[in-house]
A.B. asks: 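Here's a structure for you.
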Amino acid sequence: MADAIISMQDVNKWYGKFHVLRDINLEVAPGERIVICGPSGSGKSTLIRCINRLEEHQKGRISVEGTEISNDIRHVEAIRRDVGMVFQHFNLFPHLTVLQNLTLGPIWVLKTPKAEAEARAMKYLDRVRIAEQAHKFPGQLSGGQQQRVAIARSLCMDPKVMLFDEPTSALDPEMVKEVLEVMVNLAEDTGMTMLVVTHEMGFARKVADRVIFMDQGEIIEQNTPDAFFDHPQNDRTKLFLSQIIH
Amino acid sequence: MSVAPNAVNVSSAPTLWSRIAVLHWLRTQLFSSPLNTLLTLLTLWLLLATVPAMVDWFFLNSTVTATSAQECRKVTGACWAVIVEKHRLILFGVYPYEEQWRPLLATMLLIAVVILSGVRRFWNLSLLVFWVLALTGAAVLMWGGIFGLTYVENSRWGGLPLTLMLSTFGIAFAFPLGIVLALGRRSNMPAIKTICIVYIELIRGVPLISLLFMSAVMLPLFLPEGLTIDKLLRAQVAIILFAAAYMAETIRGGLQAIPKGQFEGADSLGLTYWQQMRLIVLPQALKIVIPPLVGLFIALFKDTSLVVIIGIFDLTQAAKAALVDQSWRGFSIEIYVFISAIYFVFCYSMSKYSQSLEKRLATEHQR
C-alpha cells in the first residue's frame, strides 16, 4: 500500500519461549476502520500494543506514518503523540479530575496553553455527552462514563490513529451500548483511522471496512464485514463464528 | 416480634441490672463473661495502684516555686523547680545566654515552615521557596556573623534548636534523595540500578551510630592534610544518607503498588519518563505510603539524639548536662520527663498531622 498509515512487515514477537505473534503482515490505509477479532490468547491485543510500543516486537518492522518503531525513545514518543489508545480497564488517573485527565496530555506533551486545552477538553466531553461530569473524579463515575472519558482523553491529543483494546469487555451490558454509540459516531463523523479489538460483532458490521480474524498469533483471514460473516473461507474462522453471536 | 440479637428493650427488661442504662452498660461491656470480669478487676487494681500515686507525685505534692535544691528535696512530690531553673540550658544548650533569642527564633522558623508544608494551598513551587528561605534564615540566625549578629560557632549550638535543625534538614534532603534512589532501583539501566541497590543495602546494614562514628572519626583520616569538614555538617550528612536509604525502600513499596495500567495510560499520551513520575505515578505512590513515611520521619527525629555519641549537644545531651550540676543532682526523673514530653509533642503532632493528611487526600476518591 503506497501511503499506509500503519505498516507491519513480518512482525514476530515472543514472550520468553511462547511465540505470540507469527509473521504478521498488515497495512492500514488512512481513514480505514479495522476490527480485529479472535479467541483469547490469539495475540490481538499484543498486535495493537506493538503499534504504540507498549509491547516490543523482536523481529520485523513496524512503521507508523512513515516513522519506524525502534528503541529510539524520541521516535516512540513522536508516534505516541499521534496514536491514541483506549484500554479495557480505562486507565484514567484517579487523583485528577476528569477535566485534568483530559488536559494533562495537551498541556505537557503538546505544550498547549491551559485555557485552550480546557476549551478543547470541554468540546470533546460534550461530544461524548459527559460534559457535566468535568469536575468529578473518575472514581465517582460509572464504567461507561469512565470509558467515554477515556475516549475523550485520547481525542484531546488530536491523534491520527485510535487504537481500542477491548473497550467494552469490562462494562456491564447496559453501558456497552453508550460506549459503542460514541465509537460509531467517531467513525461516522470523523475520518479517524481506527483499529478496534472487540467481540462486538454488531459494531463490526456497522462500522468496519475490514474484519481481521487472528488465531494463535497469526492472521487467518481478513475481509469486508459482509463477506467475513456471511462467507467465511477458513475452517478456523468458521469454527470461531459458529461459537459467537454475530 | 423479632429483635436484633444484641438489642435490649431496656424499659421492659426483667432485672434491675438490665433496666438502668449505666448498670446495663457495665454488665455488657465490663462484666459480660468470667474472663472479662477478671480482666476488668485486674485493670481496676492496676489503675488504683498506680494512678493516685502518679497524680500525687506529678501534681499534688510537687513544687514549681522552690528556689533551691534543699527546698526541693523537702518536697515529697516532683520538683518541677529544677525545670524552671534549668530550662534554658536544656532547651538551648551552651549557646550564649544573651543571644538565645536567636535559636528560639530559628526554632520557630523551622516549625513554621513545617506547618506551612501541610497547608494544601501552598503545594506548589512557592513551598520550595519557603523551605529555602526558612533553612537559610535558620542558618543565618544560628551562625550570625552578618547583619550585625555576633558569630556563634556551631560547637556552642545545642538543645532543641539543634535537634530540630538536624531532623528538619535531614528530612528535607533525605526525602528527595530517597525518591531518586527508589526510582533508580526500579530503573532498567543496570549501572544506575546497581549503584542504588549497593547504596541502600550498605546503609541499611549498619546502625546510625556507626555511620556517625565513621563520619566523626574515620572520614577525617581520609581527607587530605589541612582539609577539615565541620563536624556538625558531617553528622548532618550521615543522618541524611541514613534516612534516605530507608525512605527509598518505603517509596519503592508505594511505586510497586501502582497498577501497570497507570504507566500505560501515561505512555499512551506520550508523556516522558519524568513527566509520568511527577504528574501521575509519584503523587499516587506517595499518598499510599504516607503512614510508613511519616513513621520514618518520627523515628528520624528521635534518632538525632544519637549524636551525643560524637559529642554534639542535642536535646538529650543538654538534659544530661543539666544533671551534672552538683547542687541539683538527683532530679533526673523530672528532667527526663520534661524532654520526653518535648519529644512526644513533636512526634505526636507529626503523627496527628499524617492522619489528617490521609483523610484529606482520601476524600478525592470517594463517591
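Throughout, protein chains are lettered first and strands after them, A, B, ... in sequence-line order, and every chain is numbered starting at 1. What you are looking at is a predicted structure, and each value in this text was computed from that prediction instead of being measured.
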A.B. asks: Please flag which part of A:F87 lies under 4.5 Å from any non-hydrogen atom of chain B: side chain, backbone, both or neither.
C.D. replies: side chain

A.B. asks: Does any non-hydrogen side-chain atom of A:L104 lie less than 4.5 Å from one of B:I280?
C.D. replies: yes

A.B. asks: For a 4.5 angstrom cut-off between non-hydrogen side-chain atoms, does A:M214 reach A:I36?
C.D. replies: yes

A.B. asks: So does B:R204 pair up with B:E201, basic N to acidic O under 4.0 Å?
C.D. replies: yes

A.B. asks: Is A:E118 salt-bridged to A:K123, going by a charged N under 4.0 Å from an acidic O?
C.D. replies: no

A.B. asks: Does any part of the side chain of A:V149, heavy atoms only, come nearer than 4.5 Å to the side chain of A:V128, both counted from C-beta?
C.D. replies: no

A.B. asks: Which residues from residues 158-183 of chain A are near chain B, with near meaning under 4.5 Å between non-hydrogen atoms?
C.D. replies: none

A.B. asks: Heavy-atom cut-off 4.5 Å, strictly under: side chain, backbone, both or neither for B:Q275 against chain A?
C.D. replies: side chain

A.B. asks: Any ring-ring contact (aromatic ring centres under 6.0 Å, His included) pairs touching residues 257-286 of chain B, not counting sequence neighbours?
C.D. replies: none

A.B. asks: Between B:T272, B:L271, B:L279, which shows the greatest number of heavy-atom pairs under 4.5 Å with chain A?
C.D. replies: B:L279

A.B. asks: Suppose we screen for side chain to side chain donor-acceptor pair (under 3.5 Å). Which residues come up paired with A:H19, at least two apart in sequence or across chains?
C.D. replies: A:N12

A.B. asks: Against chain B, label A:V76 side chain, backbone, both or neither, depending on which of its atoms sit under 4.5 Å from a heavy atom there.
C.D. replies: neither

A.B. asks: Pull out the residues in residues 40-61 of chain A that come under 4.5 Å of chain B, heavy atom to heavy atom, sorted by number.
C.D. replies: A:R49, A:N52, A:L54

A.B. asks: Do you know which two heavy atoms are closest between B:K193 and B:S187, and how far apart they sit?
C.D. replies: CD-O, 3.5 Å

A.B. asks: For the pair B:F344 and B:Y348, name the ring-plane relationship: parallel under 30°, tilted 30 to 60°, perpendicular over 60°.
C.D. replies: parallel

